[in-house]
Structures are given as structure tokens and as C-alpha cells.
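Note that this is a predicted model, so its numbers are computed, not measured. Computed over heavy atoms, backbone and side chain alike; hydrogens, waters and symmetry mates excluded.
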Amino acid sequence: MVGPRTPKSSSPGSRSSGATRRSAIGLLLGAPLLSACAGVQQSLSQFSNPFSSSSAPPAQPAGPQQQATTAGTGGVKVAVILPLSAAGNAGLAAQSMRNAAEMALAEFQNPNIQLLIKDDNGSPQGAQAGAQQAVDEGAEIILGPLFAQSVPAVAQVARTRGISVIAFSTDSSIAGRGVYLLSFLPESDVNRIIEYSASIGKRSVAVLVPDNAYGNVVEAAVKAAVPRRGGRIVAFEKYGADRATPARTVAQQLGSADALFIADDGDAVVAVADAMTAAGANLRNIQMLGTGLWDNPRVYASSALQGGLYAAPDPAGFRAFSGRYRTKYGAEPVRTATLAYDAVALVAALARTQGTTRFSPDVLTNPSGFAGIDGLFRFRADGTNERGLAVMKVTTGGGVAVAGSPKSFGA
């Protein structure tokens, strides 16, 4: 079994004899968790919303396309495609993700990989051109792109060569054969929080979700998760600009519920909770539930949401990563930077342990999964992923873990 070990340095390598495809391929990513480093965690809002930064490119024109670069000297070539010259926050995020990818390479003990880093200019055409250039140069797997609309263009190139893509978009609709998503998907948030709420006896759930694409994803997930855990949905409403009417409808049925699930971000969650209170609901008498988008200062400051529970990665991993990133680059990483780090550490470990089948679907969809900065993750055959998330409680000081991340996946 290939499992995590404690190296003498903070390198993420993992070695063991007798490795098999069905074994757990553990990655020890980063130094020991720095629980004393408070205040570093950034919001997951953009990071886990599939219809924000990883879905659509910015409206502003991109800057000049950056020249392709390489990192590392190993024999296994790995493409990294990011919108490095995209305008605004997207370009800044891409630069931070490139730093994290190179940091993973530096921290891994003697990796046998070389990163072929391509700028897609924030467009599908740029992503396709970068992918084509990389595979022509011998890339065996592609990491990226970030934007959902660019993933199919990259996948088209990859499939002609029979290689896999590990993309960073959070739009699960673009996952598929040979295209795996490493991002945080709303489905994992929903499954974890509903599982936990059922375990503490909260099985009658009222639900409020936004009437948009994100809400549609959450709706499908919650309507599957609640009955699977032996629960029932006692009220379900979608809201748009008018939050008051759906809030009144749910408030009238809240007496038969023991949990209220609201899936939205920041100001929107607070506004919905306030609308529920205005409709006569006493939210202190019901368990509030949410997704990783609740990791937001607006939520922590809301009196109505205190004690609410949401699913998210344990922040300790990101705190440790952030500390090392700041030491190396003198700046804070974006929250999505851990995706690039984990992707590079994963392919480095697979290149070391899995021989010629290193990036095959059987290896990538290992049911035991992998351990990354943000906890366990595994790829499903359909290209989506499952993550081992913690359950966090809303307090005025931020999110506090009430249930840790699982140490292994169930069957």
C-alpha cells in the first residue's frame, strides 16, 4: 500500500514497496498543520461556486498572452493550462495557482516530472492552442484549465491523444470521460452537511435555494441526499430578487422542520435569513444548514446565523499551506491555489509509484482516493469528485470545526 509517511522535510513525497492500483495512494502534502496560525483562511465563496470565477472568463479584455514556460527537469511531461494573462482577479488567481504548482514541484522529493506551463489568455481558443502545443511536446496529462467554457476545448485535444485532463472548474456539467474536476463541487457540500445533520437527529428539512444555475445544482443534490439519509423535505422554495414571498411560505411550514438549509453566499444568505425572521420564523429554534459558500465574513457577523452548520474543508490545511506560500512568495495565495498544488503533487506521486499506467482512468479513479491540502478527495468515473469535508459552525470569530474531515472514504 502506498500511504503517507512523515518525511524529514516538508516534502510531499510518498514511497512504499508493493504498490497496486487499488491501494490508497496517499500524498503527504505540506508541513505539519499550523493550528496556531489564526486569521489566514480566505473565503471559499468564489472557490466553491461553480458559476463564478471558474465558470466564465472576465468581461474585460485580456492582456498580452504570456510566453510558455517550463518548470522541473523530469522525464514525465505534464501540461498546466491557466488564464495567466486574463484580466482582473482571474489573472491574479492564475498567477497564484502557477506559483502553487511550482511550489509543489519544489517541495516534492526528486519529482520525475516537468511542467509545461501554458497561458490560455482566458479563452477556449487559447486553451485549445495551449493544449495542442503541450501534447505535441509530449505531455501525458493536462492540469487545467480554470474556466468551464475552456474545458471542452482542451478535452477535445486530450481525447485525440488518449490522455486525461484534471480541470479546475467547479461546473460539474463539463466533467466526463477522461475529464476530471479537482475543484470543490456543491454536491460534496450538500452530501456532507445532510449526512451530518441526519446523524444528530435533524431529518425534517426545509430548503431555500436561489433560482439560478447554482440553485439548480444544489436542488438536485439535496433532493437526493435527504431521503438517502432517511429524512424528508418538509418545504422547498426557490427565490430570486423577491426573497420575502418564498421566505413567508417556508416560515409557515417551519413548525414541522428541525433544520433549515439555505444554499447561498455572503450577503444573500444573510438577506434570506433576515427575510425568514421578518416572516415570523425564530431561527434560534431550528438548526441552520449551509454549504461551503457560508465561509464568509458576512455570515459570521450575522446574529441570525450563529450556530449554523456548513460543510467545508478543514481550514488547518490551508493555514499551513498559506504560511509556506507567504515565506516563498511574500504574498497571500488565492484560495484556489491549493488545487494547483494538489494537482501537481498528485501527478508527481503517480509518476513515481504507478509505472506506465500512472495516469490511466483506473489509477485516477482509485476508490481509496488521495490526501491533499484540503483533505481527502477522489475522482468518480463520470469526472466529478467526492471530498472528505469537515463540518463547521458559524461563530462571530469565524468557522469552528464541530466534526473533522474523514480519514478514509466509505465503500
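Side chain of R229 to main chain of I194: no donor-acceptor pair is present (N/O by atom type, distance under 3.5 Å, no hydrogens or angles). The backbone N or O of G240 sits nowhere less than 3.5 Å from a side-chain atom of D211 that would complete a donor-acceptor pair. Not one N or O on the side chain of W294 forms a donor-acceptor pair closer than 3.5 Å with the backbone of L289. With hydrogens and angles disregarded, no donor-acceptor distance shorter than 3.5 Å links the side chain of S96 to the backbone of A93. No donor-acceptor pair under 3.5 Å is formed between the side chain of R192 and the backbone N or O of R387. No donor-acceptor pair under 3.5 Å is formed between the side chain of Q95 and the backbone N or O of G91.
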Exercise. Output, in order, the C-alpha distance, side-chain angles, deciding distance and verdict of side chain to side chain donor-acceptor pair (under 3.5 Å) for D171 and S173.
Key: CA-CA 5 Å; D171 183 352; S173 71; 2.7 Å; yes
Quiz item: For I193 and V391, what are the C-alpha separation, side-chain angles and deciding distance, and is it a side-chain contact (heavy atoms from CB on, under 4.5 Å)?
Solution: CA-CA 7 Å; I193 198 62; V391 175; 3.9 Å; yes
Exercise. Decide salt bridge (charged side-chain N to carboxylate O under 4.0 Å, His left out) for R298 and D267; before the verdict, give the C-alpha distance in whole Å, the side-chain angles of both, and the deciding distance to 0.1 Å.
Key: CA-CA 6 Å; R298 302 281 189 177; D267 290 334; 3.2 Å; yes
Quiz item: Does the side chain to side chain donor-acceptor pair (under 3.5 Å) test come out yes or no for D136 and Q132, once each step is laid out?
Solution: CA-CA 6 Å; D136 287 345; Q132 188 64 59; 3.1 Å; yes
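Under 4.0 Å is where a charged nitrogen must lie from a carboxylate oxygen, and between D314 and R319 no such pair does. With salt bridges taken as basic N to acidic carboxylate O contacts below 4.0 Å, one links E137 and K118. Note on D119 versus R98: no salt bridge recorded, every NZ/NE/NH1/NH2 to OD/OE distance being 4.0 Å or above. Ionic pairing of E332 and R326 is present here: one or more N-O contacts between side-chain nitrogen and carboxylate oxygen are shorter than 4.0 angstrom.
Annotation: ring pair (Phe, Tyr, Trp, His ring centres under 6.0 Å) contacts of F379 (sequence neighbours excluded): Y180, F377. By the side-chain contact (heavy atoms from CB on, under 4.5 Å) test, S303 pairs with R284, sequence neighbours left out.
Paired with Y310 under the rule side chain to side chain contact (heavy atoms under 4.5 Å, CB included), one option of D295, L389, L305, T291 passes, and it is D295.
The nearest pair of heavy atoms linking S169 to V151 is CB-CG2, 4.3 Å.
Taking the side chain as every heavy atom from C-beta outward, V334 and L92 never approach each other to under 4.5 Å.
There is no side-chain donor-acceptor pair under 3.5 Å between S150 and D120. With no hydrogens or angles considered, no side-chain donor-acceptor pair links T384 and E187 at under 3.5 Å. Using modelled atom types and a 3.5 Å distance limit, the side chains of D264 and Y239 yield a donor-acceptor pair.
Applying the salt bridge (charged side-chain N to carboxylate O under 4.0 Å, His left out) definition to pairs two or more places apart or across chains, those involving residues 230-244 are E219-K238.
For the atom pair OG1 (T338) and CZ (F321), the distance works out to 6.5 Å, reported to the nearest 0.5 Å.
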